[in-house]
Amino acid sequence: MGSDPHVEGILVNIFGGIMKCDVIAEGIIAAARDVKISVPLVVRLAGTNQEQGVKLLNESGLALVSATNLDDAASKISGLVLKK
């Protein structure tokens, strides 16, 4: 996705039932650091360890935005992409 010039933003929507949201957040943070994402990234987490996952995302120091639900995530990514 990072090499595709048509990608203007990334929305990650996770409903973690079996997999814990904090583990998913750690993976998103590692991938974002490794790939050096240059487009807006919005992440919505819901499920087990959601609060810990959101805290990890918010404290990562990366330019990513967390969302509370899917409507919030869609609104945030749309706004960020249109603002570019």
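Residues: numbered from 1 along the sequence shown. Remember, it's a predicted structure, so these values are computed and weren't measured experimentally.
- Side chains of L62 and L57 form no contact here, defined as non-hydrogen atoms less than 4.5 Å apart.
- Taking all atoms of both residues into account, the shortest heavy-atom contact from P40 to I77 is O-CD1, 3.7 Å.
- The backbone N or O of A74 lies less than 3.5 Å from a partner atom in the side chain of S78, making a donor-acceptor pair.
- In this structure, the separation between OG1 on T68 and CZ on R44 is 8.5 Å, given to the nearest 0.5 Å.
- Here CG of L11 is found 6.5 Å from CG of L70. Values are rounded to the nearest 0.5 Å.
- Side-chain contact between L45 and S66 is absent, with no heavy-atom pair separated by less than 4.5 Å.
- With hydrophobic clusters built from ILVMFWY side chains whose heavy atoms lie under 4.5 angstrom apart, F15 does not share a cluster with I10.
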Could you list the donor-acceptor pairs under 3.5 angstrom formed by side chains in residues 17-35, with sequence neighbours left out?
from, atom 1, to, atom 2, distance (Å)
D22, OD1, N49, ND2, 3.1
R33, NH2, S60, O, 2.6

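- Heavy-atom minimum distance, D72 versus A67: OD2-CA, 3.2 Å.
- Here the shortest heavy-atom pairing between N69 and D71 reads OD1-N, 3.1 Å.
- Listed by chain and residue number, V42, K76, L80 satisfy the side chain to side chain contact (heavy atoms under 4.5 Å, CB included) test with V65 (two or more places apart in sequence, or in another chain).
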Take V39 and E8 through the test side chain to side chain contact (heavy atoms under 4.5 Å, CB included) and record every step on the way to the result.
-> CA-CA 6 Å; V39 296; E8 297 180 37; 5.6 Å; no

